[in-house]
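Remarks on the structure that follows.
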Amino acid sequence: MKILVTGGAGYIGCHFVQHLLSATEHEVLVLDNLSTGHAAACEWTQLIRMDLADFAAVKSLLKSENFDAVIHFAASSLVAESVALPFFYYYNNTSNTLNLIQSCADAGVGYFIFSSTAAVYGEPEPSRIPITEDGPFNPINPYGRSKLASEWALRDISAASGMKFGILRYFNVCGADRHSHLGESHNPETHLIPLLAKTLLGQRPSFSIFGQDYTTPDGTCIRDYVDVEDLARAHLDVLNYLRAGHNSDTFNCGYGHGYSVQEVIDAMQEAGGKPFPVVSAPRRVGDPPILVADVSKLKQLTGWQPKNDDLIDICRSVLNWEQCSRY
Ligand code: UDP
């Protein structure tokens with residue numbers, strides 16, 4: 001197959017490209033505007049520096065290259081930023097995705113894999129956890145809404161064109177390539193596990209827990225942390241599932257069990273072999289108390305089997321990456 005990976009220079013996209021190159025013979029091209037991605041993260045394949053907002057260029061690329069599949073990672077994904085810049089989120093995530101989907105359908109692309117998010121579920125009722133793919137859908141911020149709107153467009157355009165789709169709704173993605181060639185590098189960094197690693201390594205004075213009065217056993221929020229290498233493999237498993245003749249579908253991506261912020265702090269301290277300063281801070285707006293996926297659909301239909309479901313090992317991979325990151 002000839003595969004286009006948008007956002008292939010970003011955190012999740014580059015791990016997927018690495019997996020694709022090591023596990024298959026497919027030809028892979030990366031499209032990225034390098035606004036948050038890193039050229040060094042995809043130096044093993046051809047990088048086309050292009051912005052998805054350049055509709056004419058995107059259309060022409062798809063027409064000329066005859067891709068069999070497009071894996072669409074490129075997006076903005078910070079909740080707080082989406083609240084401050086809603087137009088940008090609808091433009092960069094929804095409008096650019098809408099154009100990409102239609103251009104793919106027009107060009108006869110067979111398969112479209114879309115990066116969606118648990119944010120489409122909003123704050124689920126406790127009785128709905130673990131969360132299944134059928135909703136309800138109540139996104140509570142522009143980021144979640146921009147992704148849900150893209151899902152709708154993808155379903156409708158695929159139905160009209162015959163293009164098959166796989167939607168992957170990510171829970172909390174974490175970890176780094178075990179050879180330390182690839183990892184997470186955001187500026188500013190806002191995610192829990194890289195912040196803990198930076199604190200342990202002395203790059204930050206302390207770590208702030210956002211809220212210790214949630215309705216959870218230790219009072220801190222619970223999330224389903226899924227390793228980026230396992231998530232990368234899920235994309236190929238879904239693509240292969242569609243290529244085997246199965247119908248388009250939507251899949252939660254997590255491990256199906258959660259850890260509290262306090263438990264992740266403990267895991268990082270164990271992985272690094274030393275404590276670090278932790279302070280209390282107020283709740284962060286828009287943080288639901290518990291988000292845990294039901295992943296039985298992904299496992300049963302595609303045969304996906306996680307290999308890295310070990311929080312301490314995940315923390316170790318992030319510590320290694322933080323100490324020898326190349327970008
Ligand atoms: N969190 C925290 N302090 C931080 C960053 C994150 O307590 O400095 C908490 C956050 O409130 C949430 C969890 O860690 O409960 C995971 O947050 P992250 O931003 O990594 O992912 P999100 O769940 O927002 O997608």
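Ligands are counted one by one from 1 in listed order, and the atoms in each one are counted from 1 as well.
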When the side chains of residues 122-131 are checked against the rest of the protein, which donor-acceptor pairs come out under 3.5 Å, sequence neighbours left out?
none

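Salt bridge status for Lys63 with Asp106: absent, with no side-chain N to carboxylate O gap under 4.0 Å. Under the 4.0 Å criterion applied to side-chain N and carboxylate O atoms, Asp227 and Lys307 are not assigned as salt-bridge partners. Contact check on Asp68 versus Arg243 returns no salt bridge, with no Lys/Arg side-chain nitrogen under 4.0 Å from an Asp/Glu carboxylate oxygen.
Checked options Tyr143, Phe137, Tyr121; the residue passing with Leu148 is Phe137 (criterion: side chain to side chain contact (heavy atoms under 4.5 Å, CB included)).
Judged purely by atom type and a 3.5 angstrom limit, Ser208 has no side-chain atom pairing as donor or acceptor with the backbone of Val279.
Protein residues lining ligand 1, listed by chain and number: Asn172, Thr190, His191, Leu192, Leu195, Phe207, Ser208, Ile209, Phe210, Cys221, Arg223, Tyr225, Val261, Arg284, Asp287 [non-hydrogen atoms, distance under 4.0 Å].
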